[in-house]
Amino acid sequence: MEIDYKLLMDRAKAASQNSYSPFSRFAVGAAVLTSDGEIYEGCNIENSSFGMTICAERCAIFKAVSDGKRELLAVAIYSPNADSCYPCGACRQVMYEFQGDEEISVITENIGQLEINKLSYFLPCGFKI
Ligand code: THU
């Protein structure tokens, strides 16, 4: 499938506006593309009990999975509070769980420039049972 990287990044940017991040003041948005062409958005959601915080990427992925989707093609990540925002280690492993035959593309923005990498760039030798 032809992936519209810019559209996905635009959706991640829109999602970052819903970020609930009063503690870190670091807003993050994510958008995931599933193998059937659907896009799901997510944002980071913090909590007074800090450990309960969920990242934007996992928020978006879990929305897709809870909707019955099992295969991701791409994940875009954006923060308005940083020149670039790369996925944390936990989110990399969660992406890996829902990778199908085709490697997941990870879209980030580096000082305004789209940067596209495969998940294996961020997580070589991911774990799967
Ligand atoms: N955060 C994400 O949403 N995604 C990441 O990949 C890294 C971190 C959030 C979690 C927390 O709300 C804030 O960024 C600061 O760590």
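Both ligands and their constituent atoms are indexed starting at 1 by order of listing.
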> For atom 11 (C) of ligand 1, which protein heavy atom lies nearest, and how many Å away is it?
Replying inline: Glu46 OE2, 3.3 Å
>> Give me the residue, atom name and distance of the protein heavy atom closest to atom 9 (C) of ligand 1.
In response: Asn44 ND2, 3.6 Å
> Between Asp67 and Lys63, is there a salt bridge with N-O shorter than 4.0 Å?
Replying inline: no
>> If only side-chain N and O atoms count, and only distance matters, is there a donor-acceptor pair under 3.5 Å linking Asn47 with Ser49?
In response: no
> Got a protein heavy atom sitting under 4.0 Å from atom 14 (O) of ligand 1?
Replying inline: yes
> Do Lys128 side-chain atoms and Tyr96 backbone N/O form a donor-acceptor pair below 3.5 Å?
Replying inline: yes
> Looking at atom 10 (C) of ligand 1, what's its closest protein heavy atom, distance included?
Replying inline: Thr53 CG2, 4.0 Å
>> Give the atom numbers and elements of ligand 1 that come within less than 4.0 Å of a heavy atom of Pro87.
In response: 6 (O)
> Can you list the ligand 1 atoms lying under 4.0 Å from a non-hydrogen atom of Ser24?
Replying inline: 13 (C), 15 (C)
> Any side-chain heavy-atom pair from Tyr86 and Glu115 closer than 4.5 angstrom?
Replying inline: yes
>> For atom 3 (O) of ligand 1, what is the closest protein heavy atom, and at what distance to 0.1 Å?
In response: Ala56 N, 2.9 Å
> If you count the atoms of ligand 1 from 1 in the order shown, which ones are under 4.0 Å from a heavy atom of Glu57?
Replying inline: 2 (C), 3 (O), 4 (N), 5 (C), 6 (O)
Donor-acceptor contacts, no H, no angles, side chain residues 73-84, under 3.5 Å, sequence neighbours left out:
from	atom 1	to	atom 2	distance (Å)
Ser79	OG	Ala27	O	2.7
Ser79	OG	Asn81	N	3.0
Asn81	OD1	Ala27	N	2.8

> If we ignore angles and hydrogens, is there a donor and acceptor under 3.5 Å between the side chains of Ser24 and Glu46?
Replying inline: yes
> Residues in ring-ring contact (aromatic ring centres under 6.0 Å, His included) with Phe98, at least two apart?
Replying inline: none
>> Below 4.0 Å, non-hydrogen atoms only: which portion of Tyr86 touches ligand 1? Side chain, backbone, both or neither.
In response: backbone
>> Heavy-atom distances under 4.0 Å decide this one: backbone, side chain, both or neither, for Cys55 against ligand 1?
In response: both
